[in-house]
Amino acid sequence: ADLIGTLYIDEPFNKSGMKNLPRFPIFSSKNESYVYFDKNFIQDGQLKRDKFFYVVEAFEIDSLDNFSTDNLRFDGYLTSAGIFPVFREPLTVMKDYSLGFEHSVPKEGYQMFGGLAHFYNTVSLSNMGFGGLGRLDYITSTVYSKSFNFSPLQVTARTDAFEMRERRTQVEFPQGKGTVLELDWQVENNNLFVQTDTLPLQLFGEAGFKGKMKIAPGGAAADGKIAFDQAVIISHFFDFKSRSLKADTADFKLLADNSEKEAFLANDYLTNIDFEKRSATFKYINQNSRLSFPFNQFVCTLDEADWSMDK
């Protein structure tokens with residue numbers, strides 16, 4: 001902290017200490033002081049003091065030889081490197097005995113990073129870091145967590161619930177719903193990643209996804225595995241629309257009805273699945289592209305194959 005003030009030991013007329021003046025010693029600061037949270041043990045030093053700091057307004061503390069931290073309070077405001085707008089909240093002594101606060105966000109929420117997202121509920125600050133409990137809205141996604149961690153370049157959380165609303169405008173997004181996910185919003189590039197844990201992320205109202213998804217202003221993409229009905233698709237290059245997906249260089253597997261046996265395989269094919277039209281196409285990419293029907297012990301190479309999902 002940067003702190004400037006005057007320490008008064010006693011009244012000038014009481015230099016000998018003959019009178020008991022319990023208000024002394026007194027510390028008085030008539031100027032703004034600053035509290036920083038840039039130590040390496042606080043979020044790996046990400047909260048740099050040039051942009052992230054708390055401004056303490058003029059204050060006075062008396063009875064310094066007999067005061068309780070329970071009543072210690074400094075009025076002022078936080079400048080959070082653009083994570084949130086500047087807001088007022090008194091500094092108090094937190095459970096870890098560092099200065100900090102718990103701040104209730106106004107009902108209308110706070111803009112994050114100049115409007116890239118909105119946050120609602122509670123924000124906290126101490127030597128444990130800058131975090132939050134509540135809800136984050138980003139494009140068409142809503143994230144709930146008790147453990148948001150905020151820094152100027154990154155927001156992370158282990159989610160309690162996740163929802164992505166379908167959007168059919170020029171930049172499309174599918175419907176999505178999940179519970180426990182690892183969230184990592186890389187603010188500099190404005191890419192929000194969610195990684196599944198044990199449970200899949202439900203997409204399109206009928207498919208389960210496991211892997212890592214990127215959500216950005218340009219749309220949603222992913223690396224992982226999608227399963228629906230009797231079908232499984234694995235790709236590093238999923239591109240999602242509101243009711244369809246494209247997978248560049250994908251492996252597709254279709255199981256026979258009521259069986260674990262593979263009825264159809266498409267390896268290294270460009271795959272398009274349309275959940276609205278209930279159809280799929282597989283297009284040849286290169287010499288590694290193979291179609292096979294293991295149930296019939298038949299292997300071939302075709303420029304294109306179609307699948308009617310309900311037949």
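Computed from a predicted model, the values in this text were never measured in an experiment. Sequence positions, counted from 1, serve as the residue numbers for this chain.
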For this session: Step through the shown structure and confirm whether more than 12 heavy atoms of other residues, nucleotides or ligands are within 6.0 Å of NZ on Lys253.
Result: no
Exercise. Salt bridge between Asp75 and Arg73, side-chain N to carboxylate O under 4.0 Å?
Worked result: yes
Exercise. To the nearest 0.5 Å, what is the distance between CD1 (Ile83) and CE (Met112)?
Worked result: 7.0 Å
Exercise. Are Ile285 and Phe282 in one and the same hydrophobic cluster, where Ile, Leu, Val, Met, Phe, Trp and Tyr link if side-chain heavy atoms are under 4.5 Å apart?
Worked result: no
Exercise. Can you tell which of Tyr110, Phe113, Phe87, Phe148 makes a ring pair (Phe, Tyr, Trp, His ring centres under 6.0 Å) with Phe119?
Worked result: Phe148
For this session: State whether Tyr77 and Arg88 meet the cation-pi test: NZ (Lys) or CZ (Arg) under 6.0 Å from the six-membered ring centroid, and within 45° of the perpendicular axis.
Result: no
Exercise. Side-chain contact, heavy-atom cut-off 4.5 Å: Leu91 with Val35?
Worked result: yes
Problem set entry | CG-CZ distance between Leu181 and Arg158, expressed to the nearest 0.5 angstrom | 9.0 Å
Problem set entry | pair Lys277-Arg243: side-chain heavy atoms closer than 4.5 Å | no
Exercise. Sub-3.5 Å donor-acceptor pair from the side chain of Ser98 to the main-chain atoms of Asn127, do we have one?
Worked result: yes
Exercise. Looking only at atom types and distance, does a side-chain atom of Thr159 sit under 3.5 Å from a main-chain N or O of Ser145, one as donor and one as acceptor?
Worked result: no
Exercise. Counting only heavy atoms not in Glu188, do more than 12 fall under 6.0 Å of its CD?
Worked result: no
Exercise. Do the side-chain N and O atoms of Trp185 and Asn190 include a donor-acceptor pair separated by under 3.5 angstrom?
Worked result: yes
Problem set entry | Carboxylate-amine/guanidinium proximity below 4.0 Å for Arg278 and Asp310 | yes
For this session: Check whether any side-chain heavy atom of Tyr269 lies under 4.5 Å from a side-chain heavy atom of Asp251, and answer yes or no.
Result: no
Exercise. Considering all heavy atoms of both residues, which atom of His103 and which atom of Pro106 are nearest to each other, and what is their separation?
Worked result: NE2-CD, 4.5 Å
Exercise. Does one hydrophobic cluster hold both Phe293 and Ile233, with members joined at side-chain heavy-atom distances below 4.5 Å?
Worked result: yes
Problem set entry | Distance in Å, Leu245 CG paired with Leu203 CG, rounded so as to fall on 0.5 Å steps | 9.0 Å
Exercise. Taking the inter-plane angle between the rings of Phe101 and Tyr54 on a 0 to 90° scale, is it parallel (under 30°), tilted (30 to 60°) or perpendicular (over 60°)?
Worked result: tilted
Exercise. If Ile, Leu, Val, Met, Phe, Trp and Tyr residues are connected whenever their side-chain heavy atoms lie under 4.5 Å apart, and connections chain through other members, are Val232 and Phe228 in the same group?
Worked result: no
Exercise. Aromatic rings Tyr36 and Tyr34: how do their planes relate, parallel, tilted or perpendicular, breaks at 30° and 60°?
Worked result: parallel
Exercise. If only atom types and distance count, is the side chain of Asn286 paired as donor or acceptor with the main-chain N or O of Asn288 below 3.5 Å?
Worked result: yes
Exercise. What's the verdict on side chain to side chain contact (heavy atoms under 4.5 Å, CB included) for Met213 and Leu201, showing C-alpha distance, side-chain angles and the deciding distance?
Worked result: CA-CA 10 Å; Met213 178 185 292; Leu201 173 63; 3.7 Å; yes
Problem set entry | Residue pair Thr142 / Tyr144: nearest heavy atoms and the distance that separates them | CG2-CE1, 3.5 Å
For this session: Tell me whether Val194 is reachable from Val180 by hopping between hydrophobic residues (I, L, V, M, F, W, Y) whose side-chain heavy atoms are closer than 4.5 Å.
Result: no
For this session: Taking the side chain as every heavy atom from C-beta outward, state whether Thr179 and Leu199 have any atom pair closer than 4.5 Å.
Result: yes
Exercise. Just wondering, do Val105 and Thr122 contact through their side chains at under 4.5 Å, heavy atoms?
Worked result: no
For this session: Please test Leu136 against Val155 for side chain to side chain contact (heavy atoms under 4.5 Å, CB included), starting from the C-alpha separation and ending with a verdict.
Result: CA-CA 10 Å; Leu136 187 152; Val155 176; 4.3 Å; yes
Problem set entry | Any donor-acceptor N/O pair, Lys210 side chain to Thr198 backbone, under 3.5 Å | yes
Problem set entry | side chain to side chain contact (heavy atoms under 4.5 Å, CB included) between Val86 and Leu78, worked out | CA-CA 6 Å; Val86 173; Leu78 180 73; over 6 Å; no
Problem set entry | Heavy-atom pair of closest approach, residues Pro217 and Tyr138 | CD-OH, 3.6 Å
Exercise. How close do Ser235 and Thr249 get, heavy atom to heavy atom, and via which atoms?
Worked result: OG-O, 3.5 Å
For this session: Answer yes or no: is there a side-chain heavy-atom contact under 4.5 Å between Ile273 and Met309?
Result: yes
Exercise. Is Lys241 salt-bridged to Glu276, cutoff N-O under 4.0 Å?
Worked result: no
Problem set entry | Side-chain H-bond candidate by donor/acceptor type, His236 with Asp223, under 3.5 Å | yes
Exercise. Looking only at atom types and distance, does a side-chain atom of Arg167 sit under 3.5 Å from a main-chain N or O of Met164, one as donor and one as acceptor?
Worked result: no
Exercise. Any sub-3.5 Å donor-acceptor pair from Lys48's side-chain atoms to Gly45's backbone N or O?
Worked result: yes
Exercise. Does atom CD of Glu102 have more than 12 heavy-atom neighbours, drawn from other residues, nucleotides or ligands, at distances under 6.0 Å?
Worked result: no
Problem set entry | Any donor-acceptor pair under 3.5 Å from Glu182 side chain to Thr156 backbone | no
Problem set entry | Side chains of Phe84 and Phe130 in contact at under 4.5 Å (non-hydrogen atoms) | yes
Exercise. Are side-chain N/O atoms of Asp184 and Gln154 paired as donor and acceptor at under 3.5 Å?
Worked result: yes
Problem set entry | Gap between atom CG of Asp248 and atom OG1 of Thr271 - 0.5 Å precision | 9.0 Å
Problem set entry | Test item: Asp268 and Tyr284 side chains (from C-beta on) under 4.5 Å apart, heavy atoms | no
Problem set entry | Minimum heavy-atom distance Leu47-Ser151, with the two atoms named | CD2-CA, 4.1 Å
For this session: Give me the ring orientation class for Phe238 and Phe240: parallel if the planes are under 30° apart, tilted from 30 to 60°, perpendicular past 60°.
Result: parallel
Exercise. Under the side chain to side chain contact (heavy atoms under 4.5 Å, CB included) criterion, do Trp307 and Ser279 qualify, and how do the steps go?
Worked result: CA-CA 6 Å; Trp307 172 44; Ser279 64; over 6 Å; no
Exercise. Tyr120 ring centre to Arg135 NZ or CZ under 6.0 Å, with the angle to the axis within 45°?
Worked result: yes
Seminar exercise, completed: dist Thr140:OG1 -> Glu172:CD (nearest 0.5 Å) comes out at 11.5 Å
Exercise. Hey, what do you get for CG (Asn121) to OG (Ser104), rounding to the nearest 0.5 Å?
Worked result: 7.5 Å
Exercise. Does the salt bridge (Lys or Arg N to Asp or Glu O under 4.0 Å) test come out yes or no for Asp160 and Lys146, once each step is laid out?
Worked result: CA-CA 7 Å; Asp160 298 309; Lys146 303 183 191 71; 3.4 Å; yes
For this session: Following the transitive rule for hydrophobic clusters with a side-chain heavy-atom cut-off under 4.5 Å over Ile, Leu, Val, Met, Phe, Trp and Tyr, establish whether Phe41 and Met94 coincide in one cluster.
Result: no
For this session: Taking all heavy atoms of Arg165 and all of Glu163, pick out the closest pair and write down the distance.
Result: CG-OE2, 4.0 Å
Exercise. Is the number of heavy atoms from other residues, nucleotides or ligands under 6.0 Å of Asp50 CG greater than 12?
Worked result: yes
For this session: Answer yes when Asp38 and Arg49 have at least one side-chain N-carboxylate O distance shorter than 4.0 Å, and no when they do not.
Result: yes
